4 protein chains.
Amino acid sequence: MPKNEISRKEREKERHRKDILDAALVLFSEFGFHSVSMQQVADKAEFSIGTLYNFFRNKEDLYSNLLDKLTARFHVELTGALSEGDDEIEKLRNYIIVKAVVFRENLDIVLLYFRETSGVNFNLKAGMDDRIRIQYVELLELLAGVFEDGIRKKRFHGIAEPYFLALTLDSLTNATLLGCLENPENRSYPQDPDVFLNVLFKGLLVS
Amino acid sequence: MPKNEISRKEREKERHRKDILDAALVLFSEFGFHSVSMQQVADKAEFSIGTLYNFFRNKEDLYSNLLDKLTARFHVELTGALSEGDDEIEKLRNYIIVKAVVFRENLDIVLLYFRETSGVNFNLKAGMDDRIRIQYVELLELLAGVFEDGIRKKRFHGIAEPYFLALTLDSLTNATLLGCLENPENRSYPQDPDVFLNVLFKGLLVS
Amino acid sequence: MPKNEISRKEREKERHRKDILDAALVLFSEFGFHSVSMQQVADKAEFSIGTLYNFFRNKEDLYSNLLDKLTARFHVELTGALSEGDDEIEKLRNYIIVKAVVFRENLDIVLLYFRETSGVNFNLKAGMDDRIRIQYVELLELLAGVFEDGIRKKRFHGIAEPYFLALTLDSLTNATLLGCLENPENRSYPQDPDVFLNVLFKGLLVS
Amino acid sequence: MPKNEISRKEREKERHRKDILDAALVLFSEFGFHSVSMQQVADKAEFSIGTLYNFFRNKEDLYSNLLDKLTARFHVELTGALSEGDDEIEKLRNYIIVKAVVFRENLDIVLLYFRETSGVNFNLKAGMDDRIRIQYVELLELLAGVFEDGIRKKRFHGIAEPYFLALTLDSLTNATLLGCLENPENRSYPQDPDVFLNVLFKGLLVS
DNA sequence: GATGAATGAGTTTTCATTCAT
DNA sequence: GATGAATGAAAACTCATTCAT
């Protein structure tokens with residue numbers, strides 16, 4: 001069955017590709033792009049250097065594939081969270097909860113992501129990061145949309161620009177989660193999403 | 001006049017040191033630590049490579065001196081802002097205004113600072129960044145203190161932990177200012193500090 | 001034939017390693033460790049610099065591998081010479097003859113060896129040279145053992161400590177051979193080992 | 001008194017020169033020519049780098065001046081020892097005793113000297129070391145002369161070439177003294193010069 | 001004569017990338 | 001497709017030497 005043959009080979013190839021990306025993720029997220037050599041990635045992935053170059057044009061390509069894959073996953077999870085829930089408050093609660101779960105379960109990825117994005121501008125050639133930036137803005141605008149809807153439906157006081165409120169919620173959750181995940185002994189992060197929402201909305205909520 | 005002689009030489013040396021740090025700041029803030037070579041810093045500072053090494057033990061030492069100097073300056077400005085003003089609201093307004101000014105006038109520095117700090121964990125050897133982290137925590141605690149005072153004096157509702165409120169205000173202003181400064185064409189940042197405060201306090205303020 | 005494939009590659013790699021060591025030997029023995037650059041070794045070995053570092057961790061590692069290999073070879077030859085021969089006199093004659101042959105046929109090595117050892121203490125990190133020193137002391141003690149046996153068997157007068165006699169014979173042959181080999185036009189070295197032995201033993205030999 | 005003025009200045013200059021050479025001796029003898037920087041010599045001598053260059057054309061010149069001064073001192077002491085004493089045996093005893101004293105009292109110098117000479121050929125440009133070699137050969141020939149005289153006067157058996165005997169005595173004392181001085185805890189060196197002479201002459205002495 | 005800041009050629013070392021097997 | 005030896009450009013860093021003060 002040549003069809004199956006091919007598909008088995010394809011699947012195997014895909015698995016190898018994944019192995020390489022997994023190894024790269026662990027190393028890049030711990031040490032950063034410049035402090036990890038292709039040799040180290042190859043060693044960790046248990047492939048030879050040459051094989052890495054069969055899958056990726058160069059080091060940057062490997063990195064950017066990694067980031068793309070990761071940000072896509074994040075994007076899906078977080079935008080998904082924002083679309084579920086009956087009303088705007090529920091959506092925001094969902095967003096906060098999912099974000100906490102995602103962060104906790106993918107610390108590697110999150111650190112790598114922030115290494116790239118929160119520096120605000122990036123170390124690598126522009127272009128690679130543009131896609132990340134676009135997805136980030138998309139997410140913020142989605143979040144802003146939720147605020148806007150809530151305001152229009154009189155769920156919240158329209159006390160500030162929706163985009164502004166979105167930025168606030170995002171920054172706040174980032175800062176809190178990163179602080180908690182980095183020093184877990186230090187300060188545990190809130191299980192209850194309303195801790196975050198209260199900061200923003202107590203008083204904003206239409207009674 | 002040997003006294004003057006000496007002092008003139010010393011002053012000149014200090015100026016050269018500053019020239020090098022200035023050149024390094026511009027380059028590091030634009031391209032990042034790993035993407036700038038000592039040769040480039042030397043060229044920009046109009047000195048030879050050897051001279052750089054007469055002032056700094058190695059590349060990391062240069063970088064770390066730069067960061068120390070910058071964070072010290074920030075720290076002074078921002079803690080100063082928090083200590084001026086008649087009541088807590090005034091202190092917070094002050095903080096927001098001064099931060100905006102400082103950010104706008106020192107974009108290089110700010111970008112370099114965030115490249116180091118917001119990446120959450122750092123690329124370079126620990127120790128250098130510990131001082132930065134300590135100063136950052138100090139600032140946050142000072143800010144938290146203002147919230148605490150305000151809550152105790154019934155100026156604000158005690159709706160959340162003071163440290164949490166501090167983190168929120170800090171994240172929010174960072175995100176906004178960086179967003180605005182990076183893409184000035186895109187979105188201007190608010191001149192009025194109350195735009196920030198409203199997000200937090202409308203409804204929190206005791207009427 | 002994958003087996004042969006592998007072994008051929010391995011053999012080739014070993015040959016390359018040997019080529020590098022050979023080039024290094026010639027240069028180091030003529031100019032000394034500090035006066036030879038890795039570039040020069042690479043050029044002489046007809047490899048690129050990078051290849052040198054695929055075989056040796058750094059310059060010191062290359063040097064130390066070279067010394068280890070050489071001293072091991074010497075050690076084997078000279079201790080071998082001391083174990084052959086019917087009686088003690090014969091063993092000493094053997095030692096003198098073999099040493100002369102070894103010195104003449106490996107002038108490069110000998111010079112490099114003496115550059116390290118006779119300088120009494122060494123330029124490089126300790127550890128590398130400890131092995132050399134240990135082997136040297138081993139050899140001297142073997143030689144001393146021959147004298148001791150000879151004295152016990154009344155082949156020689158026990159006119160001095162065996163270790164002392166060993167040191168004397170070693171120093172004497174070194175000085176003579178090096179003097180001759182360095183300035184061959186100047187003074188040829190004795191073919192007859194008894195020339196050395198006579199100095200020591202005429203009168204010491206039990207008649 | 002301008003005469004005195006000048007002479008005081010001259011004396012001072014000479015003292016500075018000596019200070020530099022002393023500092024250089026300590027450093028070079030411990031670490032070797034290549035591992036000591038002019039900066040280190042300047043620091044140890046408590047002068048500036050520039051001052052070193054007022055006294056010596058370059059690093060090599062400093063080194064070679066140092067060696068010249070030291071070998072000259074050695075040469076005087078050892079040739080002196082060979083010229084004192086009533087008969088040849090006495091001269092040789094003298095030589096051995098003086099050499100031991102000189103070695104013990106000038107370990108720095110001796111190590112530096114051997115670093116240069118016993119390596120047999122030298123690290124630096126030829127020329128500097130030729131003078132050392134010439135003086136060494138001169139000394140050996142003087143020593144050989146003593147043996148020759150002793151043989152002619154029937155004090156010793158003419159059992160080997162005088163030059164050969166000289167080389168033997170020299171090598172032997174070098175090896176012994178260096179061994180002792182390097183590891184003083186290990187093996188003390190003989191106080192009695194006859195320990196050396198016995199090795200050579202017991203049986204060679206005309207009874 | 002003394003100083004020491006400035007120089008820059010030269011050295012070691014790294015590492016992304018290629019390509020013959 | 002996999003391999004990994006070979007490459008060499010590029011980087012950090014050193015240090016003998018100069019020269020203006």
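Model, not experiment: these values are computed from the prediction. Hydrogens, waters and symmetry mates are skipped; everything else that's a heavy atom, side chains included, is used. Naming convention: chains lettered A, B, ... in sequence-line order (proteins, then strands); numbering from 1 in each chain.
The closest donor-acceptor contact from the side chain of B/Thr51 to the backbone of B/Phe47 lies at 3.5 Å or more, if one exists at all.
In terms of position on DNA chain E, the residue among A/Lys59 and B/Gly50 whose nearest nucleotide sits closer to the 5' end is B/Gly50. Both C/Glu46 and B/Arg57 lie close to DNA chain F; mapped to their nearest nucleotides by heavy-atom distance, the more 5′-ward contact belongs to C/Glu46.
One can place CD1 of A/Ile49 at 16 Å from P of F/dT7, the figure rounded to the nearest angstrom. In this structure, the CZ atom of A/Phe33 is 12 Å from the P atom of E/dC15, given to the nearest Å. Put simply, CZ on B/Arg11 is 15 Å from P on F/dT21, counting in whole angstrom units. If you measure from atom CG of C/Leu52 to atom C1' of E/dT14, you get 14 Å, rounded to the nearest angstrom. Going from atom NE2 of C/His34 over to atom P of F/dC15 covers 11 Å, rounded to whole Å. Distance, B/Met38 CE to E/dA9 P: 18 Å, rounded to whole Å. Between the NE2 atom of C/His16 and the P atom of F/dA6 there is a distance of 5 Å, rounded to whole Å. When the C1' atom of F/dA11 is taken as reference, atom CD of B/Glu60 falls 15 Å away, rounded to whole Å.
Shown here, F/dA12 forms a base pair with E/dT11; the pair counts as Watson-Crick or G-U wobble because both key distances fall under 3.5 Å. Pairing of F/dT17, defined by two Watson-Crick or G-U wobble distances under 3.5 Å, is identified with E/dA6.
Using a 4.0 Å cut-off between a side-chain N of Lys or Arg and a carboxylate O of Asp or Glu, C/Glu12 and C/Arg15 qualify as a salt bridge. At a threshold of 4.0 Å, the pair C/Arg11-C/Glu14 does not count as salt-bridged, since none of the basic side-chain nitrogens sits closer than that to a carboxylate oxygen.
Of the listed nucleotides (F/dA5, F/dG1, F/dT7), F/dG1 has the atom at the smallest distance from the side chain of A/Lys13. Comparing atom distances between the A/Tyr53 side chain and each of E/dT17, E/dT13, F/dG4 picks out E/dT17 as nearest. Of the candidates E/dT3, E/dC15, E/dT13, the closest approach to any side-chain atom of D/Ser48 belongs to E/dT3.
A cation-pi arrangement, defined by a distance under 6.0 Å to the six-membered ring centre and an angle within 45 degrees of its axis, is present between A/Lys59 and A/Phe33.
Note on C/Phe56: nothing from the nucleic acid sits closer than 4.0 angstrom, heavy atoms only. Counting non-hydrogen atoms under 4.0 angstrom, A/Thr51 reaches a base of the nucleic acid. Looking at heavy-atom distances under 4.0 Å, C/Val36 makes contact with sugar-phosphate atoms alone, never a base.
Using bins of under 30°, 30° to 60° and over 60° for the plane-to-plane angle, the ring pair D/Phe55/D/His16 lands in the perpendicular bin.
For a distance-only test at 3.5 Å, the side chain of B/Asn54 fails to qualify as a donor-acceptor partner of the base of E/dA5.
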